[in-house]
> 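The following block contains the structure, expressed as structure tokens.
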Protein chains: 2
Amino acid sequence: MFGASATHALRAIAFLAGRPREQAVLGRDMARKIRIPSHYLSKVLATLARAGVLTASRGARGGYRLARPASRIRLIEVVGPFEGARARPGCLLRPGKACRSSGACSAHQAWRKVKEPYLDFLERTTVEDIQGGS
Amino acid sequence: MFGASATHALRAIAFLAGRPREQAVLGRDMARKIRIPSHYLSKVLATLARAGVLTASRGARGGYRLARPASRIRLIEVVGPFEGARARPGCLLRPGKACRSSGACSAHQAWRKVKEPYLDFLERTTVEDIQGGS
DNA sequence: GCAATAATGGATATCGATGTCCACAATGGA
DNA sequence: TCCATTGTGGACATCGATATCCATTATTGC
């Protein structure tokens with residue numbers, strides 16, 4: 001449903017959320033645990049750090065941690081930086097268009113039943129809801 | 001939500017469904033009406049023809065028509081040939097895996113609320129439900 | 001200050017999706 | 001039969017996403 005980068009981001013965040021927050025996790029350890037190429041994961045994590053979702057610290061005893069408690073990070077913040085406009089789907093038949101009730105496309109009614117739960121998922125689910133086992 | 005090819009397919013099918021079925025529509029006319037590059041659309045339509053969703057006829061008075069009444073074509077038949085496995089989404093955090101209730105990933109419960117309406121949309125919505133104005 | 005540790009940024013490679021072009025095959029009508 | 005019409009198939013170009021590698025920068029502990 002999401003691209004590889006956004007999926008990697010979700011896996012990484014869910015993993016981090018399942019660990020004590022005061023203890024930083026090394027990039028290479030995380031890569032090994034969640035089975036993602038470490039050089040690729042580092043790019044993903046850098047993007048999440050820029051987005052303010054996690055913090056990265058260098059040097060000995062460095063690593064990554066959540067920037068906030070998992071219950072206060074919504075999934076849209078994790079997925080958004082990678083999916084961009086895709087994380088705010090509009091009209092089915094005219095991608096990129098708003099497709100409001102007035103002047104809606106012919107698939108509007110049927111598509112709403114997918115779009116609304118999808119937006120709800122991104123806006124209302126928090127990282128705590130998907131956190132992995134420690 | 002879908003790739004460009006699947007979206008083009010949906011637009012073309014919705015357009016065709018809004019026309020009298022006994023009258024074939026020219027590829028180039030359809031391309032102009034729904035604003036899709038005609039050379040690309042022809043590839044998409046060829047795929048749909050192979051999938052048995054529409055029929056193509058060559059020569060004078062040729063063109064494309066629905067293979068069946070719009071009410072008997074489900075969207076999965078239109079989208080499936082282009083989206084492949086993406087049209088049957090499984091686990092959020094482990095793409096490609098089944099993620100059944102037993103041994104489910106940590107996002108299973110939250111993700112179900114998106115996945116189920118999505119699958120319902122593809123399996124139960126018909127082309128008639130999204131057909132365009134004539 | 002020095003050495004070890006770790007993340008960062010840039011360059012590059014690879015792959016699939018998107019999009020274009022054109023010669024060819026098939027069809028219908030005169 | 002011959003020609004205009006119309007879709008088909010293959011080759012090719014382009015672009016963004018995915019992925020890899022390495023030199024550099026920042027930080028900690030001694």
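Letters A, B, ... mirror the listed sequences (proteins, then strands); counts begin at 1. Please read all numbers here as calculations on a predicted model, not as lab measurements.
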> Return all side-chain donor-acceptor pairs below 3.5 angstrom for residues 76-95 of chain A, not counting sequence neighbours, or 'none' if the list is empty.
residue: Glu77(A); atom: OE1; partner: Arg68(A); partner atom: NH1; Å: 3.3
residue: Glu77(A); atom: OE1; partner: Arg68(A); partner atom: NH2; Å: 2.9
residue: Glu77(A); atom: OE2; partner: Arg74(A); partner atom: N; Å: 2.9
residue: Glu83(A); atom: OE2; partner: Gly3(A); partner atom: N; Å: 3.0
residue: Arg86(A); atom: NH2; partner: Met1(B); partner atom: O; Å: 3.4
residue: Arg88(A); atom: NH1; partner: Gly84(A); partner atom: O; Å: 3.2
residue: Arg94(A); atom: NH2; partner: Gly103(A); partner atom: O; Å: 3.3

> With sequence neighbours excluded, tell me which residues meet side chain to side chain contact (heavy atoms under 4.5 Å, CB included) with Glu128(A).
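Scan of Glu128(A) (side chain to side chain contact (heavy atoms under 4.5 Å, CB included), adjacent residues dropped) gives Ala70(A), Ser71(A), Thr126(A), Gln131(A).
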> Can you check whether Arg65(A) reaches Leu54(A) side chain to side chain, under 4.5 Å on heavy atoms?
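Arg65(A) vs Leu54(A): side chains apart.
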> For residues 21-45 of chain B, which residue pairs pass the salt bridge (charged side-chain N to carboxylate O under 4.0 Å, His left out) check, not counting sequence neighbours?
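For residues 21-45 of chain B: Asp29(B)-Arg32(B).
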> Which residues pass the side chain to side chain contact (heavy atoms under 4.5 Å, CB included) test with Ser57(B), not counting sequence neighbours?
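For Ser57(B) there are no side chain to side chain contact (heavy atoms under 4.5 Å, CB included) partners, ignoring immediate neighbours.
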> So where does chain B start and stop touching DNA chain D, 5' to 3', when the test is distance under 4.0 Å to a non-hydrogen atom?
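Taking any atom under 4.0 Å from a heavy atom of chain B, the span is dT5(D) to dG10(D).
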> So, using ring pair (Phe, Tyr, Trp, His ring centres under 6.0 Å) as the criterion, who are the partners of Phe121(A) when residues are at least two apart?
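If we apply the ring pair (Phe, Tyr, Trp, His ring centres under 6.0 Å) test to Phe121(A), skipping adjacent residues, the hits are Trp111(B).
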> Name the stems with DNA chain C in them: runs of three or more consecutive Watson-Crick or G-U pairs, distances under 3.5 Å?
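The stems are C:1-30 with D:1-30.
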> Please list residues of residues 31-53 of chain A whose heavy atoms come under 4.0 Å from any atom in DNA chain D, ordered by number; otherwise none.
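Within residues 31-53 of chain A, the residues near DNA chain D are Pro37(A), His39(A), Tyr40(A), Lys43(A).
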> Might you point out which heavy atoms bring Ala110(B) and Thr125(A) nearest each other, and give the distance in Å?
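Reported closest heavy-atom pair: CB-CG2, 4.0 Å.
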> Which heavy atom of Leu41(A) sits nearest to which heavy atom of Gly27(A), and what is that distance?
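Closest heavy-atom pair between Leu41(A) and Gly27(A): CD2-O, 4.0 Å.
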> Apply salt bridge (charged side-chain N to carboxylate O under 4.0 Å, His left out) to Arg72(B) and list each qualifying residue two or more places apart in sequence or on a separate chain.
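Salt bridge (charged side-chain N to carboxylate O under 4.0 Å, His left out) check on Arg72(B) returns nothing, list empty.
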> Can you list every ring-ring contact (aromatic ring centres under 6.0 Å, His included) pair that touches residues 18-52 of chain A, not counting sequence neighbours?
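Every pair satisfying ring-ring contact (aromatic ring centres under 6.0 Å, His included) with a residue in residues 18-52 of chain A: His8(A)-Tyr40(A).
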> Using a 4.0 Å cut-off to any heavy atom of chain B, which nucleotides of DNA chain C are the first and last in contact, reading 5' to 3'?
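With heavy atoms of chain B under 4.0 Å away, the range is dT18(C) to dG29(C).
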> Could you name each residue pair satisfying ring-ring contact (aromatic ring centres under 6.0 Å, His included) that touches residues 48-74 of chain B, not counting sequence neighbours?
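Passing the test, one end in residues 48-74 of chain B: no pairs.
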> Give, for atom CG of Leu16(A) and atom CD1 of Ile73(A), the distance between the pair rounded to the nearest 0.5 Å.
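Between atom CG of Leu16(A) and atom CD1 of Ile73(A) there are 9.0 Å.
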